[in-house]
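What follows is a single structure, written as structure tokens, with notes after it.
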Amino acid sequence: MIKVGFYQFCPIFGDVRANLQKIAQAIENTKADILVLPELCTTGYLFTSHEEVHELSEPIPGPTTLFLENVTRRKHMWLVLGMAERDESSQKFYNSAVLIGPDGLKGVYRKAHLFLEEKLYFAPGDTPFRVYDLGIARVGMLVCFDHFFPEATRALALQGAQILCHPSNLVLPGKGQQITRVRAMENRIFWVLANRYGTEERHGKKLTYTGASQIIAPDGEVLAQAPPDGESLQIVEISPAQADDKHVTAMNDLFQDRRPELYKAL
Ligand code: ACM
């Protein structure tokens with residue numbers, strides 16, 4: 001059994017230092033093997049200019065990942081979080097998720113399906129969907145709106161992902177919580193949705209985030225759920241190997257019963 005969890009909080013826009021302190025403080029008194037944090041949780045979400053993205057984004061590895069590596073090494077745990085990435089060689093910006101563990105930075109995933117005005121400020125991801133074997137579990141990463149595209153989850157599940165780590169800033173009430181529950185069920189995997197809460201209001205734009213972070217079992221059962229508003233850190237014990245059994249009935253293995261030869265668009 002391993003302990004997996006989410007930390008739902010309300011990042012302060014533009015104050016990376018304060019957000020990192022808050023994360024470190026929350027982790028300090030927490031015993032988890034894998035903890036998932038929200039999308040863009042070190043910077044805030046509601047960017048309104050290219051200058052802001054340039055100023056607040058960072059290379060990976062960079063100061064934020066180095067700071068968090070110290071935490072994960074000391075606590076001997078894994079963290080998945082969303083952050084704004086600046087790729088120095090191409091000067092492109094990505095809405096990324098990073099995986100950091102007891103031995104440091106393990107992986108980066110760049111959000112493939114950009115939502116709304118993210119398209120103005122970030123480049124669509126170019127990292128293939130990839131599963132990481134942590135020894136204690138095999139994990140895949142998606143960022144927020146990616147959950148609307150069943151192919152993304154399926155690509156990770158077919159590679160053997162047992163736990164889907166999903167940093168998010170959901171804004172469509174109820175939708176993401178329902179969809180991720182279905183994605184977990186249809187792929188028979190665990191799902192850790194780490195959403196943020198609160199409202200951001202900047203330069204005439206306003207977004208309210210829906211909270212309600214959740215941990216879902218492969219059969220769709222809700223193992224933990226946060227309130228729509230307010231801070232929440234929740235951890236549950238799971239057995240990742242449960243996600244290796246794809247049976248929904250004695251005669252139906254969801255992966256063996258697939259018919260990919262019939263799925264091609266005409
Ligand atoms: C989203 O992708 N942040 C809704």
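For this chain, numbers begin at 1 and follow the sequence in order. Below, each value reflects all heavy atoms present in this structure, side chains not excepted, and no hydrogens, waters or symmetry copies. Both counts, for ligands and for their atoms, begin at 1 and track the order of listing.
Between Phe13 and Tyr45, the distance from one ring center to the other does not fall under 6.0 angstrom.
Heavy-atom contacts from other residues, nucleotides or ligands closer than 6.0 Å to CE of Met251 number 12 or fewer.
The shortest N/O to N/O separation between Phe145 and ligand 1 falls below 3.5 Å.
Near Tyr45, the atoms of ligand 1 lying under 4.0 angstrom from a non-hydrogen atom of the residue are 3 (N). Within ligand 1, counting atoms from 1 as listed, the ones closer than 4.0 Å to a heavy atom of Glu39 are 1 (C), 3 (N). Of all atoms in ligand 1, listed by their number and element, those nearer than 4.0 Å to a heavy atom of Lys111 are 1 (C), 2 (O), 3 (N).
A salt bridge links Glu39 with Lys111; the closest basic N to acidic carboxylate O contact falls under 4.0 Å. A salt bridge links Glu200 to Arg196: one of the charged nitrogens lies within less than 4.0 Å of a carboxylate oxygen.
Among protein heavy atoms, the minimum distance from atom 1 (C) of ligand 1 is reached at Cys144 SG, 2.9 Å.
Under 4.0 angstrom from ligand 1, the non-hydrogen atoms of Phe115 all belong to its side chain.
Close to ligand 1: Glu118, with a non-hydrogen atom less than 4.0 angstrom away.
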Legend entry - Pair Arg154-Glu186, salt bridge (charged side-chain N to carboxylate O under 4.0 Å, His left out): steps then yes or no: CA-CA 9 Å; Arg154 184 49 64 90; Glu186 70 193 1; 5.5 Å; no

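Gln162 contributes a side-chain N or O that, together with a main-chain N or O of Arg138, makes up a donor-acceptor pair within less than 3.5 Å.
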